[in-house]
Amino acid sequence: MKINKGQFVLSRWKQWQFDYRRAKGHIFSYLKNRFYWHYIPRMKHVLSFPDHVDLEIASACNLRCPMCYTITDEFKQQVKRSFMDFDLFKKLVDECAANGVYSIRLSLRGEAFLHKNVIEMIAYAKSKGIKEVASLTNLYSLPPEKFEAAMKAGLDWLTVSFDGLDGMYEKVRTPAKFPEMYARIKEFKRIKDKYGSIKPVIKIQTLWPAIKEDPVAYYNAFDPYVDHIASNPLIDYLHNDGQETIEYENNFTCPVLFQRLVVGSDGVVLLCSNDEMGKFIVGDSNKETLKQIWHGKRMTEARKLHLEHRGHLEIPCCLECYLPRKTEPVLESFGDSNIVVDKYIGRADEIGR
């Protein structure tokens, strides 16, 4: 069973550095969390409560990236642009803390830093003892002063989606401008150094097609300023690939259903972090506890189907998911050496397709 399928690192040293800094302050809890993440799915064991919970605080985004599902008519019609109610957030964090949850992520489909209470949310989660509070950002709504506030509030990990350099970046991350966004990354490093802070650890990630012409230039541009640099093959987030072109892994069982629980900004709980359209709702945190949902009928049904290797063939969102899709290792040039990129079979390597 592959865990964390798709993403690959551009430097193994950066990965080790990132892991060490991420674990700073609670190394044993971190190691336990990593064991749970990688081996609980392999053992097909359901914990009494998930060790990680995604709380999507915003489903709205302010960029128009050509490869993203948020620009599609289907998403706009089916997913309401909303922001999680702060009282609901506090209720969910309280339950997570009471059940010993190690980590929460404050993002999923939208831009978390659009939420007016995002800094207070980070601070609240940390005050309740959540060891790792993370978020994903496109940078557009995260100026340096807000980053500094998030750092002081206790943000542990920030992943920045930054596709390519210069004109390529601006083509993908419309309407963001490269010089301003790149300057923010440098400023984040200066702010962390000013306070002598390791956290938030910062991971930069990019689509491989956006950097494949010169991945070394991309790596060198960010190496002095961030903790980790990773890349992803192009996923069919636009659902352009017909079913006849998709090849699935043999005997696939999804690991995500044993790893995490995912709460949308309206409180509705999704099957997983890849059910972006909410095609398989497993509960409603406005009416039920997370623990009830984690062990509820819908989650149990989905796990059963996946344990029988039928989930990716019968559950609508799983049919379209990238996790069950077959990949093939492709050697790509990385300066004077090569790097292995696991690409999805039948996928066009062109952003926007």
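No hydrogens, no waters, no symmetry mates; every other heavy atom, side chains included, goes into these values.
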Exercise for review: Write down the atom of F280, the atom of C317, and the distance for their closest heavy-atom approach.
Suggested key: CB-SG, 4.1 Å
Review point. Is the centre of the Y140 ring less than 6.0 Å from the centre of the F113 ring?
Key: no
Review point. Does any N or O in the side chain of K199 come within less than 3.5 Å of the main-chain N or O of K24, such that one atom is a donor and the other an acceptor?
Key: yes
Point to revise | Side-chain donor-acceptor contact under 3.5 Å, Q7 with K203 | key: yes
Check your understanding: Do you see a donor-acceptor pair shorter than 3.5 Å between the side chains of S231 and T206?
Key -> no
Check your understanding: Could you state the interatomic distance from CD (E332) to OG (S337), rounded to the nearest 0.5 Å?
Key -> 12.0 Å
Review point. Is a salt bridge present between E56 and R105, judged by a nitrogen-to-oxygen distance below 4.0 Å?
Key: no
Check your understanding: Hey, quick one: are F147 and I119 part of the same hydrophobic cluster, counting side-chain heavy atoms closer than 4.5 Å, chains of contacts allowed?
Key -> yes
**Study point:** 4.5 Å side-chain heavy-atom contact, K126 and E132
**Key:** no
Practice item. Determine, using ring centers only, whether H26 and Y102 are less than 6.0 Å apart. Key: yes
Point to revise | Ionic contact status for K192 with E187, cut-off 4.0 Å | key: no
**Study point:** Sidechain-backbone polar pair: D342 side chain, P233 backbone, donor-acceptor under 3.5 Å
**Key:** no
Exercise for review: State whether the side chain of N274 and the backbone N or O of C321 hold a donor-acceptor pair below 3.5 Å, judged by distance alone.
Suggested key: no
Exercise for review: Output yes when a side-chain donor or acceptor of H115 lies under 3.5 Å from a complementary backbone atom of M84, and no otherwise.
Suggested key: yes
Point to revise | Distance (rounded to the nearest 0.5 Å) between T327 OG1 and Y322 OH | key: 12.0 Å
**Study point:** Step-by-step side chain to side chain donor-acceptor pair (under 3.5 Å) determination, Q205 to S161
**Key:** CA-CA 5 Å; Q205 63 182 19; S161 294; 3.3 Å; yes
**Study point:** Any residue meeting salt bridge (charged side-chain N to carboxylate O under 4.0 Å, His left out) with E276, in chain and number order, not counting sequence neighbours
**Key:** none
Exercise for review: Taking S11 for its side chain and H228 for its backbone only, find out whether a donor-acceptor pair lies under 3.5 Å.
Suggested key: no
Review point. Is a donor on one side and an acceptor on the other found under 3.5 Å between the side chain of D156 and the backbone of V133?
Key: yes
Point to revise | Pairwise distance CD(E314) to CG(L319) - rounded to 0.5 angstrom | key: 9.0 Å
Point to revise | Heavy-atom pair of closest approach, residues S48 and K291 | key: O-CE, 3.5 Å
**Study point:** Other ILVMFWY residues reachable from L331 by side-chain steps of under 4.5 Å
**Key:** V340
Point to revise | F49 to V53 - nearest heavy-atom pair and separation | key: CE2-CG2, 4.4 Å
Practice item. State, without any angle test, whether W157 and T159 hold a side-chain donor-acceptor pair at a distance under 3.5 Å. Key: yes
Practice item. Taking only Lys NZ, Arg NE, NH1 and NH2, and the carboxylate oxygens of Asp or Glu, determine whether R347 and E328 approach each other closer than 4.0 Å. Key: no
**Study point:** Main-chain N/O of L290 paired to E95 side chain as donor or acceptor, under 3.5 Å
**Key:** yes
**Study point:** Donor-acceptor pair between D241 and H239 side chains, under 3.5 angstrom
**Key:** no
Practice item. Could you tell me whether D193 and R190 make a salt bridge, using a distance below 4.0 angstrom between a side-chain N and a carboxylate O? Key: no
Exercise for review: Answer yes if the ring centres of Y169 and F162 are under 6.0 angstrom apart, and no otherwise.
Suggested key: yes
**Study point:** Cation-pi geometry met for R325 and Y248 (6.0 Å, 45°)
**Key:** no
Exercise for review: Would you verify whether the NZ or CZ of R42 falls within 45 degrees of the ring axis of W37 while also being under 6.0 Å from that six-membered ring's centre?
Suggested key: no
**Study point:** Nearest-0.5 Å distance that lies between atom CD1 in I130 and atom CD1 in I122
**Key:** 13.5 Å
Study note, to complete from the structure: Rounded to the nearest 0.5 Å, the NZ atom of K326 sits from the CD atom of E247 at a distance of 5.5 Å
Check your understanding: Are M121 and L158 co-members of a hydrophobic cluster defined by side-chain heavy atoms under 4.5 Å apart?
Key -> yes
Review point. Between D19 and Y30, does any side-chain donor sit less than 3.5 Å from a side-chain acceptor?
Key: yes
Exercise for review: Please check if any side-chain donor atom of H306 sits under 3.5 Å from a side-chain acceptor atom of T253, or the reverse.
Suggested key: no
Practice item. Could you tell me whether E301 and K304 make a salt bridge, using a distance below 4.0 angstrom between a side-chain N and a carboxylate O? Key: no
